[in-house]
Amino acid sequence: MSIESVLQENRVFAPPEGFAARAHIKSLAEYRKLYAEAERDPDAYWAARANEELHWQTPFTKVSEWQAPHAKWFLGGKTNLSYNCLDRHLEKRGDHLALRFEGEPKDSLTLTYRELHARVCRLANALKALGVKPGDRVGIYLPMTSEAVIAMLACARIGAVHSVVFGGFSAEALRDRMADAGAKVLLTADGGWRKGGVVPLLENVRAAVAAGIPSLQKVVVAQRTGVSLELKGNEVGWNALCEKQPATCEPEWVDSEHPLFILYTSGSTGKPKGVLHTTAGYGMWASLTSRWVFDLRHDDVYWCTADVGWVTGHSYVVYGPLMNGVTVVMYEGAPTTPGPDRFWDIIERHRVTILYTAPTAIRAFMRLGDEHVKKHDLRSLRLLGSVGEPINPEAWMWYRDVVGGGRCPVVDTWWQTETGGILVTPLPGATPTKPGSATLPLPGIHPAVLDDHGQKVEQGGGKLFVVKPWPSMLRTIWGDDARFKTTYFSEREGLYFTGDGARVDADGYLWLMGRVDDVVNVAGHRLGTAEVESALVSEGRVAEAAVVGRPDDLKGTALVAFVTLKAGVEAGDEMKAALLKHVGKEIGAIARPDEIRFASALPKTRSGKIMRRLLRDVAAGKDSKQDTTTLEDLSVLAALRNDEE
Ligand code: WT7
């Protein structure tokens with residue numbers, strides 16, 4: 001399969017002069033020098049960076065060890081990321097604001113670094129009292145409130161491994177993840193606010209527990225929505241538990257390679273993968289990239305709109321910014337509740353200086369109209385970031401001109417759950433940007449676009465690999481090292497395969513082109529089509545399902561499901577509604593197909609493989625809004641295309 005790009009974009013924007021002058025990295029020449037330095041002597045380069053970024057309780061004795069595909073970094077060293085996020089700031093800047101939380105119903109909470117430290121310590125002590133030991137897994141299923149940050153840092157403080165599950169996931173999805181991780185304790189809340197309603201987190205937890213999480217001993221419940229709480233069985237109240245605990249807690253000094261978290265992400269087969277990150281390599285990269293890419297300074301008011309349930313929330317709401325001692329804005333609710341200007345209102349009132357959000361949100365705001373943005377004074381903004389999927393040049397320009405008033409650099413940051421932190425991105429004071437390009441790799445990062453023969457493409461399209469290990473790369477898939485090897489290191493032996501297609505232009509800039517595997521990116525959320533397929537089939541009346549992505553103006557990609565039904569089952573709107581409801585229950589609302597098309601048969605190759613490329617064409621090709629319930633005979637099309645696949 002050859003990968004071609006049709007995008008032609010020739011605009012180039014130099015970093016604004018005033019910005020470059022005070023930036024951490026001030027010119028392209030400075031960037032190139034660092035890049036060359038990292039290339040010449042990687043271990044010396046990485047050792048220097050790790051020493052700058054982290055407090056080391058015990059210094060490391062060896063920088064790296066690479067036995068493909070297994071990496072170890074900063075061996076022999078001991079540190080603690082909760083200490084690095086909190087304690088380091090206490091002496092000089094303990095009264096500086098760490099968190100500015102705003103709830104959807106407009107309630108608010110601010111916490112200084114000192115206050116956040118105390119809350120983290122109390123919960124850490126409480127977890128210890130519940131019997132949580134270093135290496136034990138703790139589940140987190142919380143809304144975007146301060147508790148989510150406190151929960152993660154409390155785990156890190158005692159060497160427990162957190163596994164955050166996005167609050168939008170269903171009870172079934174939660175159960176699967178918690179059972180796979182073997183969680184001993186689960187931290188949750190009665191609910192969270194979203195679009196004026198309550199997301200019933202505790203209800204979902206109860207359903208998940210009833211379905212069976214054998215390892216689970218306790219559920220800790222924070223109160224958020226004010227619904228009166230009657231705790232049952234193994235549930236304990238968060239406040240009652242923390243209140244009696246001391247406000248200090250000696251951090252557990254863990255090895256560099258001690259597991260920090262497991263985060264589940266979708267792959268091309270049915271079961272989500274538990275991506276494992278460890279402490280020091282992940283931590284130093286979250287810290288370094290936050291400062292370089294967002295050009296963080298202590299007085300910044302930084303807002304990353306991602307939920308802590310995604311990796312962006314881990315690296316760029318919690319660990320990276322807090323290690324840099326800035327003020328982090330956290331918002332609980334939906335972007336357009338109660339009105340289309342909620343985001344801009346938040347930026348104005350909190351005087352946000354840095355905004356990091358997703359193309360799908362940018363496109364949605366663009367569609368709502370400039371007036372909602374222009375109504376607010378956004379002059380506090382000095383930098384804009386984008387993440388999650390390719391950003392089309394039109395949205396990039398709108399972001400720069402309308403939101404950023406033409407004065408803020410835009411950083412389009414490419415990375416993945418697996419990479420732990422940003423790998424390809426402009427540096428805002430150094431890199432000339434081109435709308436739609438993530439530009440160049442950070443120093444120490446070696447991406448390569450390879451063609452189908454494994455040859456490096458100097459200019460043109462191909463598959464994106466990372467050819468040398470880096471500190472924050474995933475270490476394995478929890479409980480399935482074989483899958484780790486086949487998923488990431490078998491496309492080209494020993495090279496990390498990203499699953500993305502990319503193009504290199506004449507300046508060596510990278511243009512990301514989306515996934516080349518059966519993974520789709522819907523509104524910035526990664527979904528495996530196989531997961532949605534198995535959810536559809538599990539409804540009971542479906543014989544077979546194939547789910548593909550179709551380009552969508554707003555979501556980037558929309559999900560189209562081709563479904564064949566069991567004999568005697570009637571295709572129709574009722575069936576469609578039942579399937580949508582079922583997928584919502586199995587995975588969550590984000591996985592509900594945008595379109596369901598019933599077919600009499602699915603097109604297959606002679607070896608029985610569903611011809612997805614054909615289905616993608618069918619899905620993209622015609623506006624089928626009217627005839628989605630009619631039975632399509634895709635086998636006819638398949639016969640015509642049989643040689644191609
Ligand atoms: C996939 C990773 C990394 C945090 C959010 C998503 C796509 C991510 C970009 C970008 C083009 C991007 C890729 C990648 N992606 N950022 N700036 N330009 N594509 O994390 O769920 O692990 O998804 O998101 O396809 O492989 P994730």
Side-chain angles (χ1 to χ4, degrees), residues 3 5 7 164 166 168-169 261-268 272-275 277 282 285-286 289-290 293 304-320 356-363 384-393 395-396 399 410-426 433-442 447 449 463-466 472-474 477 487-488 491 496-503 509-529 531 549 555-557 590-591:
I3 295 173
S5 167
L7 188 68
V164 184
F166 171 55
F169 275 127
F261 67 83
I262 300 167
L263 184 61
Y264 287 85
T265 187
S266 296
S268 51
K273 303 175 285 203
V275 168
H277 282 288
Y282 170 83
W285 194 242
T289 51
S290 293
V293 177
C304 165
T305 66
D307 192 280
V308 287
W310 313 109
V311 73
T312 309
H314 286 57
S315 305
Y316 300 113
V317 174
V318 182
Y319 289 107
Y356 190 31
T357 193
T360 187
I362 298 167
R363 288 191 297 265
L384 302 172
S386 168
V387 63
E389 57 181 309
I391 177 165
N392 47 307
W396 194 101
Y399 196 29
V410 174
V411 290
D412 172 9
T413 63
W414 176 86
W415 59 297
Q416 311 177 292
T417 303
E418 294 86 344
T419 69
I422 297 165
L423 299 192
V424 180
T425 177
T433 50
K434 303 182 186 183
S437 171
T439 75
L440 301 168
L442 286 168
V449 173
K463 290 177 180 163
L464 183 66
F465 290 79
V466 185
S472 68
M473 67 193 293
L474 81 164
I477 290 173
T487 308
Y488 303 107
E491 181 81 19
Y496 174 80
F497 178 45
T498 64
D500 281 353
R503 174 172 70 90
Y509 275 36
L510 285 165
W511 299 74
L512 277 298
M513 289 160 19
R515 308 286 306 189
V516 297
D517 52 11
D518 292 328
V519 172
V520 287
N521 202 320
V522 179
H525 298 312
R526 201 207 297 194
L527 290 169
T529 51
E531 274 172 83
K555 295 174 154 187
T557 309
I590 48 169

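Note that ligands are numbered from 1 as they come in the structure, with each ligand's atoms numbered from 1 the same way. From a predicted model like this one, the values you see are computed outputs, not experimental measurements.
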Taking only heavy atoms of the protein into account, state which residues are under 4.0 angstrom from an atom of ligand 1, in chain and number order.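 Correct list: Val311, Thr312, Val387, Gly388, Glu389, Pro390, Asp412, Thr413, Trp414, Trp415, Gln416, Thr417, Asp500, Leu512, Arg515, Asn521, Arg526.
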Partners meeting side-chain hydrogen bond (donor to acceptor under 3.5 Å, both in side chains) with Thr289 (sequence neighbours left out):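 In terms of side-chain hydrogen bond (donor to acceptor under 3.5 Å, both in side chains), with neighbours along the sequence ignored, Thr289 is linked to Tyr316.
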How close do Asp412 and Pro426 get, counting heavy atoms only, and between which atoms?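 Closest pair (atom of Asp412, atom of Pro426, distance): O-CD, 3.4 Å.
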Return the minimal non-hydrogen interatomic distance between Gly320 and Ser290, and the atom names on each side.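 Reported closest heavy-atom pair: CA-OG, 3.1 Å.
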Using the salt bridge (charged side-chain N to carboxylate O under 4.0 Å, His left out) criterion, which residues pair with Arg526? Sequence neighbours excluded.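 With neighbours one apart ignored, the set is Glu418.
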For Asp517, salt bridge (charged side-chain N to carboxylate O under 4.0 Å, His left out) partners two or more places apart: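 Checked Asp517 against salt bridge (charged side-chain N to carboxylate O under 4.0 Å, His left out); matches are Arg515.
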Starting at OG1 of Thr417, measure out to NE2 of His314 and round the result to the nearest 0.5 Å.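 Reported to 0.5 Å precision, the distance equals 9.0 Å.
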